[in-house]
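Counting begins at 1 with the first residue of the sequence.
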Amino acid sequence: VMSRWTDRATRLDIRSAAAPALAALLGKEAIDPLSKVLMDATESADIRGAAASALGSVNMPAAFESLAKALAAAPGALQGSIAGVLVQSK
């Protein structure tokens, strides 16, 4: 699952499906790889949104810290997605 998530050559739909799987399988260990993609401005908005949703499902302080950090740097539409994840997780 990790290789699908980190491989930018993997189809978008497969990468998007890998995000929640990573969160479910790895929990805390998924925070770093999900956060890296979320903060990467060269990634697509869809992938970054999948990372945000998956981070919210980890439901740990470090995941929420990553989301809050990304919120400030994200473009408008992605900010809305991140904010939605943060609101739903509280």
Side-chain angles (χ1 to χ4, degrees):
V1 174
M2 181 68 76
S3 64
R4 295 292 186 183
W5 176 246
T6 58
D7 183 4
R8 293 178 76 144
T10 300
R11 287 186 355 224
L12 184 64
D13 60 328
I14 294 171
R15 284 187 78 200
S16 292
L22 271 180
L25 293 171
L26 300 179
K28 182 179 179 179
E29 287 77 33
I31 295 172
D32 186 53
L34 291 169
S35 296
K36 285 181 181 175
V37 170
L38 178 59
M39 294 299 293
D40 187 345
T42 66
E43 290 282 4
S44 73
D46 289 339
I47 289 297
R48 293 173 78 188
S53 294
L55 278 167
S57 73
V58 172
N59 199 25
M60 298 184 85
F64 299 131
E65 289 170 17
S66 181
L67 287 163
K69 181 179 174 183
L71 183 62
L78 185 56
Q79 281 183 338
S81 296
I82 295 168
V85 169
L86 285 168
V87 167
Q88 290 177 359
S89 63
K90 297 295 178 185

Minimal non-hydrogen separation, [X] against [Y], with atom names:
{"X": "D40", "Y": "R8", "answer": "OD2-NH1, 3.3 Å"}
{"X": "P33", "Y": "W5", "answer": "O-NE1, 3.3 Å"}
{"X": "V58", "Y": "A63", "answer": "CB-CB, 4.1 Å"}
{"X": "A19", "Y": "A54", "answer": "O-CB, 3.4 Å"}
{"X": "A23", "Y": "L34", "answer": "CB-CD1, 4.4 Å"}
{"X": "R48", "Y": "L38", "answer": "NE-O, 2.8 Å"}

Show, in sequence, the C-alpha distance, side-chain angles and deciding distance for V85 and L55, and conclude whether the side chain to side chain contact (heavy atoms under 4.5 Å, CB included) test is met. CA-CA 9 Å; V85 169; L55 278 167; 6.0 Å; no
4.5 Å side-chain heavy-atom contact, S44 and I47: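 Yes, side chains in contact.
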Please output the side-chain donor-acceptor pairs of residues 65-80 that fall under 3.5 Å, not counting sequence neighbours, one pair per line with the distance.
unit_1: S66; atom_1: OG; unit_2: S35; atom_2: OG; d: 2.5
unit_1: Q79; atom_1: NE2; unit_2: L71; atom_2: O; d: 3.0
unit_1: Q79; atom_1: NE2; unit_2: A74; atom_2: O; d: 3.2

Please test K36 against T6 for side chain to side chain contact (heavy atoms under 4.5 Å, CB included), starting from the C-alpha separation and ending with a verdict. CA-CA 10 Å; K36 285 181 181 175; T6 58; over 6 Å; no
Could you walk me through whether R15 and V37 pass the side chain to side chain contact (heavy atoms under 4.5 Å, CB included) test, one step at a time? CA-CA 11 Å; R15 284 187 78 200; V37 170; 4.2 Å; yes
Could you check whether any side-chain N or O of S53 sits under 3.5 Å from a backbone N or O of A50, counting only pairs where one atom can act as donor and the other as acceptor?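 No, the answer is negative, given that no donor and acceptor are paired below the 3.5 Å cut-off.
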Let's go through F64 and N59 carefully: what are the C-alpha distance in whole Å and the side-chain angles of both, what is the deciding distance for side chain to side chain contact (heavy atoms under 4.5 Å, CB included) to 0.1 Å, and is it a yes or a no? CA-CA 7 Å; F64 299 131; N59 199 25; 3.2 Å; yes
If two hydrophobic side chains count as joined below 4.5 Å and joins carry through other members, does L25 share a cluster with I14?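 No, separate clusters.
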Just how far is it from atom CG of D7 to atom CZ of R4, taken to the nearest 0.5 Å?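 Reported value, rounded in 0.5 Å steps: 7.5 Å.
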